[in-house]
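Just so it is clear, the structure is predicted and the values come from calculations on it, not from any experiment.
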Amino acid sequence: MVSPKLRYSGIFTPMVTAILLAAGSSKRMGACNKLLLPWQGKTVLSSTTERLLAAGIEEIILVTGHEAPAIEATVANLPVYIIHNPHHATGMTSSIQAGIRIAHGQGYIICLADMVLITPAEYRLLATAFEEKYSTDPQCIIIPEYQGQKGNPVVFSASWREAILQHSEEEGCRTLVRSHPEHHFYVPMPTGHILKDIDFPEDYQTMIR
């Protein structure tokens, strides 16, 4: 259920909605939930969320699943929408779908909560690219790249809403993206932050050094 205190007011339609995926079980990290690990005096999740807010993203939907109460607590004072995905164990796609069902943006930036290195300026770069490309291709799919490597987050036009909601691939929308190269728009990024997430304990240790 969407947190009542954060329910959409209906006053405006945001250009871009961030779907912030925080439902996973972090199995590869062992006993700890990677999103609750400390990062620069905060948690990984709150740091990522604050960077999206600093980028000026007008609507952020946080999708919870595993350890939902602890996840929600770490962003309790931040202006985000919170929705719980009871089907999170089936894979990432169900969480994307849960967020998109209540999103109001003309585009969806699909954000992995553990990509804590991405800066507000880099999120803004992708959002701006979507705003510019959307005017000429209402079906655009914005893909960040660094030195020839594609990364995350990807931005989908809301015209893909029904296709995503019907998508059966459990771990994201890669097949959907690959099936429509005519709508791809690649954005060169200034750093490799779009390639780095936290899957294993050694990933986290490397980042905090």
Check your understanding: With distance as the sole test, does Arg51 use its side chain to make a donor-acceptor pair with the main-chain N or O of Leu117 at under 3.5 Å?
Key -> yes
Check your understanding: Any donor-acceptor pair under 3.5 Å linking the side chain of Thr90 with the backbone of His87?
Key -> yes
Check your understanding: Which distance, rounded to the nearest 0.5 Å, do you find between the CD1 of Ile60 and the SG of Cys111?
Key -> 8.0 Å
Check your understanding: About how many Å separate OG1 of Thr206 and NZ of Lys196, when rounded to the nearest 0.5 Å?
Key -> 8.5 Å
**Study point:** Heavy-atom side-chain contact between Leu125 and Val187 under 4.5 Å
**Key:** yes
Check your understanding: Can you find a heavy atom in the side chain of Ile109 that is under 4.5 Å from one in the side chain of Thr17?
Key -> no
Review point. Taking all atoms of both residues into account, what is the closest heavy-atom pair of Ile96 and Cys173, and its distance?
Key: CD1-SG, 4.3 Å
Check your understanding: Which residue pairs pass the salt bridge (charged side-chain N to carboxylate O under 4.0 Å, His left out) test with at least one member in residues 119-140, sequence neighbours excluded?
Key -> Arg124-Glu131
Point to revise | salt bridge (charged side-chain N to carboxylate O under 4.0 Å, His left out) pairs, two or more places apart, involving residues 156-176 | key: none
Exercise for review: Please assess Leu20 against Ile61 for the test side-chain contact (heavy atoms from CB on, under 4.5 Å), listing each intermediate value before the final yes or no.
Suggested key: CA-CA 6 Å; Leu20 183 55; Ile61 297 173; over 6 Å; no
Review point. Considering all heavy atoms of both residues, which atom of Met189 and which atom of Pro144 are nearest to each other, and what is their separation?
Key: CG-CB, 3.7 Å
Practice item. Please report the shortest heavy-atom distance between Ile100 and Leu165, naming the atom on each side. Key: CG2-CD2, 4.3 Å
**Study point:** Expected output: side-chain Ser46 to main-chain Lys42 donor-acceptor under 3.5 Å
**Key:** no
Check your understanding: Side chains of Leu176 and Ile164: does their closest heavy-atom pair fall under 4.5 Å?
Key -> yes
**Study point:** Stepwise side-chain contact (heavy atoms from CB on, under 4.5 Å) test for Met115 and Thr48
**Key:** CA-CA 7 Å; Met115 297 191 77; Thr48 301; 5.9 Å; no
Study note, to complete from the structure: Value for OG1 (Thr128) from CE (Met15), rounded to nearest 0.5 Å, stands at 10.0 Å
Study note, to complete from the structure: Looking only at heavy atoms, the pair that brings Pro120 and Ala55 closest together is O-CB, 3.4 Å
Review point. Does the side chain of His104 come within less than 4.5 Å of Glu59's, by heavy atoms?
Key: yes
Check your understanding: Between Leu45 and Leu36, does a side-chain contact (heavy atoms from CB on, under 4.5 Å) hold up when you go through it step by step?
Key -> CA-CA 7 Å; Leu45 175 59; Leu36 302 177; 5.6 Å; no
**Study point:** Check: Tyr134 and Ser157 side chains under 4.5 Å, non-hydrogen atoms
**Key:** yes
Table please: side-chain donor-acceptor pairs of residues 63-76 below 3.5 Å, with sequence neighbours left out.
{"residue": "Thr64", "atom": "OG1", "partner": "His84", "partner atom": "ND1", "Å": "3.1"}
{"residue": "Glu67", "atom": "OE1", "partner": "Asn33", "partner atom": "ND2", "Å": "3.1"}
{"residue": "Thr74", "atom": "OG1", "partner": "Thr43", "partner atom": "OG1", "Å": "2.8"}

**Study point:** Side chain His184, main chain Val177, donor-acceptor under 3.5 Å
**Key:** yes
Point to revise | Rounded distance [0.5 Å steps], CG in Leu52 versus CG in Leu78 | key: 10.5 Å
Point to revise | In one Ile/Leu/Val/Met/Phe/Trp/Tyr side-chain cluster, 4.5 Å: Tyr204, Phe200 | key: no
Point to revise | Heavy-atom pair with the smallest gap, counting every atom of Tyr146 and Thr191 | key: CD1-O, 3.1 Å
Practice item. Verify, without hydrogens or angle tests, whether Ser95 (side chain) and Ala23 (backbone) share a donor-acceptor contact under 3.5 angstrom. Key: no
Check your understanding: Is Glu182 atom CD crowded by more than 12 heavy atoms from other residues, nucleotides or ligands, each under 6.0 Å away?
Key -> yes
Check your understanding: Are any of the side-chain heavy atoms of Gln40 and Ile208 separated by less than 4.5 Å?
Key -> no
Practice item. Using the salt bridge (charged side-chain N to carboxylate O under 4.0 Å, His left out) rule, collect all pairs that involve residues 104-119, keeping only residues at least two apart or in two chains. Key: Lys34-Asp114
Practice item. Report the distance from atom CD1 of Ile142 to atom CZ of Phe185, rounding to the nearest 0.5 Å. Key: 6.0 Å
Study note, to complete from the structure: Output for pair (Asp199 CG, Leu112 CG), nearest 0.5 Å, gives 9.0 Å
Review point. Is there a side-chain contact between Ile19 and Leu21 (heavy atoms, below 4.5 Å)?
Key: yes
Check your understanding: What heavy-atom pair brings Ala103 and Tyr108 nearest, and what distance separates the two atoms?
Key -> CB-CE2, 3.7 Å
Check your understanding: Can you tell if the side chain of Tyr123 reaches within under 4.5 Å of the side chain of Thr119, non-hydrogen atoms only?
Key -> no
Point to revise | Pairs meeting criterion ring pair (Phe, Tyr, Trp, His ring centres under 6.0 Å) with involvement of residues 159-179, two or more places apart | key: Trp160-His180, Trp160-His183
For residues 149-156, run the donor-acceptor check on the side chains, cut-off 3.5 Å, and write out each pair with its distance to 0.1 Å, sequence neighbours left out.
none

